[in-house]
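Just below is one structure, and these are the notes that go with it.
What's counted below: heavy atoms across the whole structure, side chains too, no hydrogens, waters or symmetry copies. We name chains A, B, ... by the order of the sequence lines, and we start the count at 1 in each one.
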Amino acid sequence: MSFSRGAAFSIMLVAGLAGFAARIGAGAPPIPRADAFDSGTPFGPLVAQAKRPRSGMGWLFRSEDCGDALALAPFSILTNGYEPLMDAAFPAPAYRSLVIADGETRAAFDYRYGYLDYLRRRVMNELRVFARQRADMFFYKLYIPASCPLDQAAAARIRDALNARAM
Amino acid sequence: MRFALSIGPSAAYSRAPSDRAILLVFVGLVIAFAHWPEAGWRGLDETVLGAGGFGAMVGLAIFIVLRGADDIALRQSDRALIEALSVPLVFPSRDLASMATTLLGLALIPRGDARLSSVGQLLVGLAFVDFWAPILLNFAAPWLLPFEAYCAELLLRPFGDYGRSGAVIAAASGHRIVVEQACSAFVNAAKAALMMLVFVKLDALVVCKRHVVMIAMSVAAMFAMNAARIALTAVSPEFHLFFHHGLGMKIMPLLLLIAIAAINWFWPRAKAAAA
(Lines give C-alpha, C1' and ligand atoms only; values in the text may rest on other atoms or scores of the structure.)
Protein backbone atom coordinates (compact mmCIF):
# COMPACT_ATOMS: atom_id res chain seq x y z
CA MET A 1 0.00 0.00 0.00
CA SER A 2 1.42 3.35 -0.99
CA PHE A 3 1.01 6.48 1.13
CA SER A 4 1.65 9.32 -1.27
CA ARG A 5 2.40 12.88 -0.24
CA GLY A 6 -0.76 14.08 -1.93
CA ALA A 7 -2.97 11.62 -0.03
CA ALA A 8 -1.32 12.46 3.31
CA PHE A 9 -1.66 16.17 2.66
CA SER A 10 -5.29 15.99 1.51
CA ILE A 11 -6.39 13.87 4.51
CA MET A 12 -4.53 16.21 6.84
CA LEU A 13 -6.11 19.32 5.33
CA VAL A 14 -9.64 17.90 5.37
CA ALA A 15 -9.24 16.73 8.98
CA GLY A 16 -7.71 20.06 9.94
CA LEU A 17 -10.52 22.08 8.39
CA ALA A 18 -13.15 19.79 9.95
CA GLY A 19 -11.32 20.09 13.27
CA PHE A 20 -11.36 23.89 13.12
CA ALA A 21 -15.06 23.83 12.24
CA ALA A 22 -15.77 21.45 15.13
CA ARG A 23 -13.83 23.61 17.58
CA ILE A 24 -15.53 26.79 16.49
CA GLY A 25 -18.91 25.04 16.55
CA ALA A 26 -18.34 23.48 19.95
CA GLY A 27 -17.24 26.76 21.50
CA ALA A 28 -16.14 26.80 25.11
CA PRO A 29 -17.80 24.21 27.33
CA PRO A 30 -19.89 25.72 30.11
CA ILE A 31 -17.91 26.40 33.26
CA PRO A 32 -19.59 24.74 36.24
CA ARG A 33 -21.15 27.50 38.31
CA ALA A 34 -19.58 28.32 41.59
CA ASP A 35 -21.09 26.89 44.73
CA ALA A 36 -23.00 29.39 46.80
CA PHE A 37 -25.27 28.94 49.76
CA ASP A 38 -27.14 32.04 50.87
CA SER A 39 -27.68 32.37 54.57
CA GLY A 40 -30.92 30.76 55.67
CA THR A 41 -31.16 28.56 52.57
CA PRO A 42 -32.62 25.18 53.54
CA PHE A 43 -30.43 22.33 52.42
CA GLY A 44 -31.93 18.90 53.10
CA PRO A 45 -32.25 18.68 56.88
CA LEU A 46 -29.82 21.62 57.31
CA VAL A 47 -29.94 25.40 56.98
CA ALA A 48 -27.00 27.43 55.59
CA GLN A 49 -25.30 29.96 57.87
CA ALA A 50 -23.89 33.36 56.96
CA LYS A 51 -20.44 32.69 58.40
CA ARG A 52 -17.78 30.52 56.84
CA PRO A 53 -15.49 28.00 58.57
CA ARG A 54 -12.21 29.34 59.97
CA SER A 55 -10.30 27.50 57.23
CA GLY A 56 -12.11 29.61 54.62
CA MET A 57 -13.25 26.51 52.74
CA GLY A 58 -16.86 25.41 52.37
CA TRP A 59 -19.87 26.53 54.36
CA LEU A 60 -21.30 26.15 57.83
CA PHE A 61 -24.78 24.76 58.40
CA ARG A 62 -26.99 24.33 61.40
CA SER A 63 -29.60 21.77 62.18
CA GLU A 64 -32.05 21.39 65.02
CA ASP A 65 -30.01 18.54 66.48
CA CYS A 66 -26.46 19.79 65.87
CA GLY A 67 -26.53 23.54 66.28
CA ASP A 68 -24.22 25.62 64.08
CA ALA A 69 -21.33 23.24 63.82
CA LEU A 70 -21.80 21.25 60.60
CA ALA A 71 -19.47 22.10 57.73
CA LEU A 72 -19.65 21.10 54.10
CA ALA A 73 -16.72 21.62 51.69
CA PRO A 74 -16.12 20.77 48.03
CA PHE A 75 -12.75 19.26 47.14
CA SER A 76 -11.30 18.88 43.69
CA ILE A 77 -10.55 15.33 42.60
CA LEU A 78 -7.55 16.79 40.75
CA THR A 79 -6.04 18.76 43.62
CA ASN A 80 -6.28 17.04 46.95
CA GLY A 81 -4.49 19.73 48.90
CA TYR A 82 -7.28 21.49 50.77
CA GLU A 83 -8.74 18.41 52.42
CA PRO A 84 -5.95 18.27 55.06
CA LEU A 85 -6.66 21.91 55.95
CA MET A 86 -10.33 21.18 56.57
CA ASP A 87 -9.45 17.97 58.41
CA ALA A 88 -7.21 20.05 60.66
CA ALA A 89 -9.97 22.61 61.24
CA PHE A 90 -12.53 19.88 62.04
CA PRO A 91 -10.35 17.17 63.57
CA ALA A 92 -11.29 13.65 64.60
CA PRO A 93 -12.50 12.48 67.07
CA ALA A 94 -14.36 15.72 67.78
CA TYR A 95 -15.81 15.47 64.28
CA ARG A 96 -16.68 12.59 62.01
CA SER A 97 -16.88 13.03 58.28
CA LEU A 98 -19.00 11.79 55.44
CA VAL A 99 -18.03 11.94 51.77
CA ILE A 100 -20.56 12.57 49.03
CA ALA A 101 -19.05 11.68 45.67
CA ASP A 102 -20.73 11.04 42.36
CA GLY A 103 -24.15 11.15 44.03
CA GLU A 104 -23.28 8.53 46.64
CA THR A 105 -22.30 8.72 50.30
CA ARG A 106 -19.01 7.13 51.32
CA ALA A 107 -16.82 6.98 54.39
CA ALA A 108 -13.75 8.38 52.57
CA PHE A 109 -12.61 9.42 49.12
CA ASP A 110 -9.96 7.36 47.36
CA TYR A 111 -8.09 9.92 45.24
CA ARG A 112 -6.30 7.40 43.05
CA TYR A 113 -9.48 5.52 42.19
CA GLY A 114 -11.27 8.85 41.86
CA TYR A 115 -8.65 10.13 39.44
CA LEU A 116 -8.81 6.98 37.31
CA ASP A 117 -12.59 7.37 37.24
CA TYR A 118 -12.11 11.01 36.28
CA LEU A 119 -9.88 9.94 33.37
CA ARG A 120 -12.53 7.42 32.29
CA ARG A 121 -15.20 10.11 32.36
CA ARG A 122 -12.93 12.48 30.47
CA VAL A 123 -12.39 9.91 27.70
CA MET A 124 -16.13 9.23 27.53
CA ASN A 125 -16.85 12.95 27.40
CA GLU A 126 -14.32 13.35 24.59
CA LEU A 127 -15.86 10.52 22.58
CA ARG A 128 -19.41 11.79 23.06
CA VAL A 129 -18.41 15.49 22.95
CA PHE A 130 -20.17 16.09 26.26
CA ALA A 131 -19.33 18.94 28.56
CA ARG A 132 -17.95 17.93 31.92
CA GLN A 133 -20.24 18.02 34.91
CA ARG A 134 -19.28 19.42 38.28
CA ALA A 135 -19.61 15.94 39.78
CA ASP A 136 -16.81 14.84 37.42
CA MET A 137 -14.36 17.17 39.14
CA PHE A 138 -15.52 17.59 42.74
CA PHE A 139 -16.64 15.62 45.73
CA TYR A 140 -18.08 16.94 48.97
CA LYS A 141 -17.19 16.22 52.54
CA LEU A 142 -19.52 16.85 55.44
CA TYR A 143 -17.97 17.40 58.88
CA ILE A 144 -20.35 16.37 61.65
CA PRO A 145 -19.74 16.89 65.38
CA ALA A 146 -19.25 13.53 67.04
CA SER A 147 -22.10 14.33 69.41
CA CYS A 148 -24.48 15.07 66.50
CA PRO A 149 -27.02 12.30 65.97
CA LEU A 150 -27.12 12.76 62.18
CA ASP A 151 -28.41 9.44 60.93
CA GLN A 152 -28.18 7.76 57.54
CA ALA A 153 -31.58 9.08 56.47
CA ALA A 154 -30.44 12.67 57.12
CA ALA A 155 -27.17 12.01 55.26
CA ALA A 156 -29.18 10.67 52.33
CA ARG A 157 -31.31 13.84 52.33
CA ILE A 158 -28.13 15.97 52.20
CA ARG A 159 -26.84 13.85 49.34
CA ASP A 160 -30.15 14.23 47.49
CA ALA A 161 -30.07 18.00 48.09
CA LEU A 162 -26.58 18.14 46.56
CA ASN A 163 -27.70 16.05 43.59
CA ALA A 164 -30.74 18.29 43.12
CA ARG A 165 -28.42 21.30 42.76
CA ALA A 166 -26.97 19.46 39.72
CA MET A 167 -23.45 20.47 40.67
CA MET B 1 -5.41 14.51 -6.45
CA ARG B 2 -2.48 16.89 -6.71
CA PHE B 3 -1.67 20.11 -4.97
CA ALA B 4 0.19 23.24 -6.01
CA LEU B 5 0.67 24.26 -2.36
CA SER B 6 4.23 23.86 -1.22
CA ILE B 7 6.65 25.28 1.33
CA GLY B 8 10.31 25.74 0.45
CA PRO B 9 12.14 27.22 -2.53
CA SER B 10 13.07 23.96 -4.26
CA ALA B 11 9.49 22.77 -4.18
CA ALA B 12 8.20 25.95 -5.78
CA TYR B 13 7.44 24.24 -9.06
CA SER B 14 6.58 20.83 -7.66
CA ARG B 15 2.95 19.82 -7.96
CA ALA B 16 3.05 17.56 -4.89
CA PRO B 17 3.66 18.96 -1.39
CA SER B 18 7.09 18.29 0.02
CA ASP B 19 7.62 16.08 3.06
CA ARG B 20 8.74 19.17 4.97
CA ALA B 21 5.48 20.91 4.10
CA ILE B 22 3.48 17.90 5.29
CA LEU B 23 5.43 17.77 8.55
CA LEU B 24 5.23 21.52 9.21
CA VAL B 25 1.50 21.74 8.50
CA PHE B 26 0.75 18.69 10.66
CA VAL B 27 2.90 20.00 13.52
CA GLY B 28 1.16 23.37 13.21
CA LEU B 29 -2.26 21.70 13.36
CA VAL B 30 -1.55 19.52 16.39
CA ILE B 31 0.08 22.39 18.30
CA ALA B 32 -2.81 24.74 17.47
CA PHE B 33 -5.42 22.15 18.42
CA ALA B 34 -3.60 21.08 21.60
CA HIS B 35 -3.63 24.72 22.74
CA TRP B 36 -7.06 25.70 21.51
CA PRO B 37 -8.40 27.85 24.34
CA GLU B 38 -11.09 26.02 26.22
CA ALA B 39 -11.85 27.96 29.38
CA GLY B 40 -12.90 25.73 32.20
CA TRP B 41 -12.19 22.53 30.31
CA ARG B 42 -8.95 21.59 32.02
CA GLY B 43 -9.98 22.25 35.57
CA LEU B 44 -9.51 25.22 37.76
CA ASP B 45 -5.77 25.24 38.24
CA GLU B 46 -4.32 25.27 34.74
CA THR B 47 -3.43 28.34 32.78
CA VAL B 48 -4.26 27.92 29.12
CA LEU B 49 -2.32 31.02 28.13
CA GLY B 50 0.90 29.70 29.65
CA ALA B 51 0.58 26.43 27.75
CA GLY B 52 -0.18 28.34 24.55
CA GLY B 53 3.07 30.25 24.93
CA PHE B 54 5.00 26.99 25.15
CA GLY B 55 3.18 25.67 22.06
CA ALA B 56 4.19 28.78 20.13
CA MET B 57 7.78 28.48 21.38
CA VAL B 58 8.10 24.83 20.34
CA GLY B 59 6.37 25.49 17.00
CA LEU B 60 8.83 28.28 16.27
CA ALA B 61 11.77 26.08 17.29
CA ILE B 62 10.57 23.29 14.97
CA PHE B 63 10.18 25.80 12.15
CA ILE B 64 13.77 26.99 12.72
CA VAL B 65 15.08 23.40 12.90
CA LEU B 66 13.38 22.57 9.59
CA ARG B 67 14.24 25.80 7.78
CA GLY B 68 16.07 25.10 4.56
CA ALA B 69 15.58 21.35 5.08
CA ASP B 70 14.21 20.74 1.58
CA ASP B 71 15.80 17.30 1.47
CA ILE B 72 13.91 16.03 4.51
CA ALA B 73 12.42 12.63 3.69
CA LEU B 74 9.52 11.03 5.51
CA ARG B 75 9.03 7.30 5.28
CA GLN B 76 5.89 5.71 3.95
CA SER B 77 5.13 4.71 7.55
CA ASP B 78 5.43 8.36 8.63
CA ARG B 79 2.88 9.44 6.07
CA ALA B 80 0.61 6.56 7.09
CA LEU B 81 0.95 7.68 10.72
CA ILE B 82 0.18 11.29 9.83
CA GLU B 83 -2.90 10.15 7.87
CA ALA B 84 -4.06 8.02 10.82
CA LEU B 85 -3.38 10.77 13.37
CA SER B 86 -5.19 13.37 11.26
CA VAL B 87 -8.55 11.65 11.70
CA PRO B 88 -8.91 12.20 15.49
CA LEU B 89 -8.14 15.91 14.98
CA VAL B 90 -11.73 16.25 13.77
CA PHE B 91 -12.82 15.94 17.42
CA PRO B 92 -12.65 19.24 19.33
CA SER B 93 -10.37 17.70 21.91
CA ARG B 94 -7.06 19.02 23.19
CA ASP B 95 -6.24 15.64 24.68
CA LEU B 96 -6.45 13.86 21.32
CA ALA B 97 -4.21 16.51 19.76
CA SER B 98 -1.69 15.99 22.58
CA MET B 99 -1.78 12.23 22.02
CA ALA B 100 -1.20 12.76 18.29
CA THR B 101 1.75 15.01 19.18
CA THR B 102 3.16 12.26 21.41
CA LEU B 103 2.81 9.47 18.84
CA LEU B 104 4.35 11.48 15.99
CA GLY B 105 7.17 12.60 18.29
CA LEU B 106 7.93 9.05 19.43
CA ALA B 107 7.96 7.88 15.80
CA LEU B 108 10.48 10.58 14.82
CA ILE B 109 12.89 10.41 17.79
CA PRO B 110 14.75 7.22 16.69
CA ARG B 111 15.46 8.60 13.19
CA GLY B 112 19.03 8.90 11.96
CA ASP B 113 18.28 12.36 10.56
CA ALA B 114 19.09 14.71 13.46
CA ARG B 115 16.52 17.25 12.24
CA LEU B 116 13.65 14.74 12.36
CA SER B 117 14.90 13.38 15.68
CA SER B 118 14.98 16.92 17.09
CA VAL B 119 11.42 17.59 15.92
CA GLY B 120 10.37 14.35 17.66
CA GLN B 121 12.09 15.35 20.92
CA LEU B 122 10.47 18.78 20.91
CA LEU B 123 7.03 17.31 20.19
CA VAL B 124 7.31 14.73 22.97
CA GLY B 125 8.56 17.44 25.34
CA LEU B 126 5.60 19.66 24.53
CA ALA B 127 3.09 16.80 24.90
CA PHE B 128 4.69 15.90 28.24
CA VAL B 129 4.28 19.44 29.55
CA ASP B 130 0.73 19.79 28.22
CA PHE B 131 -0.76 16.40 28.86
CA TRP B 132 1.34 13.70 30.50
CA ALA B 133 2.95 15.70 33.32
CA PRO B 134 -0.38 16.75 34.92
CA ILE B 135 -1.58 13.13 34.73
CA LEU B 136 1.62 11.80 36.28
CA LEU B 137 1.51 14.51 38.93
CA ASN B 138 -1.92 13.35 40.08
CA PHE B 139 -0.48 9.91 40.79
CA ALA B 140 2.76 11.23 42.31
CA ALA B 141 1.04 13.91 44.42
CA PRO B 142 0.51 11.82 47.60
CA TRP B 143 4.29 11.54 48.13
CA LEU B 144 5.63 14.39 46.00
CA LEU B 145 3.66 17.20 47.67
CA PRO B 146 4.71 16.22 51.22
CA PHE B 147 8.30 15.99 49.93
CA GLU B 148 8.13 19.52 48.49
CA ALA B 149 6.59 20.71 51.77
CA TYR B 150 9.47 19.01 53.60
CA CYS B 151 12.02 20.83 51.41
CA ALA B 152 10.30 24.16 52.14
CA GLU B 153 10.24 23.34 55.86
CA LEU B 154 13.99 22.62 55.75
CA LEU B 155 14.56 26.11 54.38
CA LEU B 156 12.38 27.59 57.12
CA ARG B 157 13.94 25.77 60.10
CA PRO B 158 16.73 28.29 60.75
CA PHE B 159 14.20 31.13 60.83
CA GLY B 160 11.70 29.98 63.41
CA ASP B 161 9.37 27.35 64.71
CA TYR B 162 7.58 25.64 61.84
CA GLY B 163 5.78 22.33 61.83
CA ARG B 164 4.70 20.09 59.01
CA SER B 165 2.03 17.43 58.61
CA GLY B 166 1.95 15.89 55.16
CA ALA B 167 1.67 18.75 52.68
CA VAL B 168 0.59 21.26 55.34
CA ILE B 169 3.18 23.66 56.81
CA ALA B 170 2.17 25.48 59.98
CA ALA B 171 3.90 28.51 61.50
CA ALA B 172 3.97 29.07 65.25
CA SER B 173 1.72 32.09 64.70
CA GLY B 174 -1.06 29.77 63.51
CA HIS B 175 -0.58 30.64 59.82
CA ARG B 176 -0.93 27.46 57.75
CA ILE B 177 -0.44 26.70 54.08
CA VAL B 178 -1.04 23.56 52.06
CA VAL B 179 1.06 22.55 49.06
CA GLU B 180 -1.30 21.44 46.34
CA GLN B 181 -0.74 20.28 42.77
CA ALA B 182 -0.76 23.77 41.30
CA CYS B 183 2.04 24.75 43.72
CA SER B 184 4.17 21.74 42.83
CA ALA B 185 7.40 22.23 40.89
CA PHE B 186 6.74 19.05 38.87
CA VAL B 187 4.94 20.56 35.87
CA ASN B 188 7.03 23.73 36.05
CA ALA B 189 10.20 21.63 36.12
CA ALA B 190 9.01 19.91 32.94
CA LYS B 191 8.45 23.36 31.44
CA ALA B 192 11.96 24.43 32.50
CA ALA B 193 13.41 21.30 30.89
CA LEU B 194 11.47 21.99 27.69
CA MET B 195 12.68 25.59 27.62
CA MET B 196 16.26 24.41 27.99
CA LEU B 197 15.70 21.75 25.29
CA VAL B 198 14.53 24.50 22.92
CA PHE B 199 17.68 26.52 23.72
CA VAL B 200 19.79 23.39 23.11
CA LYS B 201 18.10 22.59 19.80
CA LEU B 202 18.69 26.09 18.54
CA ASP B 203 22.37 25.60 19.35
CA ALA B 204 22.94 21.98 18.25
CA LEU B 205 20.68 19.28 16.87
CA VAL B 206 22.45 16.40 18.61
CA VAL B 207 22.05 16.33 22.40
CA CYS B 208 25.29 15.48 24.20
CA LYS B 209 26.21 14.96 27.86
CA ARG B 210 26.78 18.70 28.39
CA HIS B 211 23.21 19.43 27.26
CA VAL B 212 21.77 16.77 29.56
CA VAL B 213 23.62 18.39 32.48
CA MET B 214 22.21 21.80 31.49
CA ILE B 215 18.65 20.41 31.36
CA ALA B 216 19.15 18.71 34.75
CA MET B 217 20.46 21.99 36.20
CA SER B 218 17.42 23.92 34.97
CA VAL B 219 15.11 21.30 36.55
CA ALA B 220 17.04 21.53 39.83
CA ALA B 221 16.85 25.34 39.71
CA MET B 222 13.09 25.13 39.26
CA PHE B 223 12.68 22.79 42.24
CA ALA B 224 14.93 24.96 44.44
CA MET B 225 13.16 28.22 43.57
CA ASN B 226 9.75 26.66 44.01
CA ALA B 227 10.72 25.33 47.45
CA ALA B 228 11.91 28.84 48.35
CA ARG B 229 8.62 30.33 47.17
CA ILE B 230 6.58 27.79 49.18
CA ALA B 231 8.73 28.57 52.22
CA LEU B 232 8.13 32.31 51.80
CA THR B 233 4.35 31.83 51.55
CA ALA B 234 4.45 29.89 54.85
CA VAL B 235 6.05 32.76 56.79
CA SER B 236 2.94 34.88 57.32
CA PRO B 237 -0.41 35.77 55.71
CA GLU B 238 1.24 38.94 54.29
CA PHE B 239 4.05 36.92 52.68
CA HIS B 240 1.45 34.46 51.37
CA LEU B 241 -0.49 37.30 49.79
CA PHE B 242 2.63 38.74 48.14
CA PHE B 243 4.23 35.50 46.90
CA HIS B 244 1.03 33.65 46.03
CA HIS B 245 -1.22 36.37 44.62
CA GLY B 246 0.91 39.48 44.27
CA LEU B 247 4.05 40.66 42.60
CA GLY B 248 6.03 37.76 44.06
CA MET B 249 4.17 35.40 41.75
CA LYS B 250 5.53 37.35 38.76
CA ILE B 251 9.06 37.46 40.15
CA MET B 252 9.44 33.67 40.26
CA PRO B 253 9.01 32.98 36.50
CA LEU B 254 11.33 35.92 35.83
CA LEU B 255 13.95 34.44 38.17
CA LEU B 256 13.56 31.08 36.42
CA LEU B 257 14.12 32.68 33.02
CA ILE B 258 17.22 34.41 34.35
CA ALA B 259 18.46 31.13 35.85
CA ILE B 260 17.94 29.22 32.59
CA ALA B 261 19.63 31.97 30.59
CA ALA B 262 22.52 31.99 33.09
CA ILE B 263 22.95 28.20 32.89
CA ASN B 264 22.79 28.38 29.11
CA TRP B 265 25.43 31.11 29.06
CA PHE B 266 27.85 30.15 31.82
CA TRP B 267 27.91 26.35 31.90
CA PRO B 268 29.35 25.72 28.40
CA ARG B 269 31.97 28.42 29.04
CA ALA B 270 32.83 26.99 32.45
CA LYS B 271 33.29 23.53 30.91
CA ALA B 272 35.39 24.96 28.10
CA ALA B 273 37.56 26.84 30.58
CA ALA B 274 38.00 23.70 32.72
CA ALA B 275 39.05 21.71 29.65
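Annotation for S97(A) and K141(A): closest pair OG-CE, 3.4 Å, computed over non-hydrogen atoms.
At a 4.5 Å heavy-atom cutoff, the contact between L116(A) and chain B is made by side-chain atoms alone. Both the backbone and the side chain of I22(B) have a heavy atom closer than 4.5 Å to some heavy atom of chain A. Contact of I135(B) with chain A is made through backbone and side chain together, with heavy-atom distances under 4.5 Å.
Looking at R176(B), its side chain never comes within 3.5 Å of a backbone N or O of V168(B) through a donor-acceptor pair.
Between F139(A) and F75(A), the angle of the ring planes lies from 30° to 60°, which puts this pair in the tilted group.
The side-chain contact (heavy atoms from CB on, under 4.5 Å) test applied to L103(B) returns L85(B), not counting sequence neighbours.
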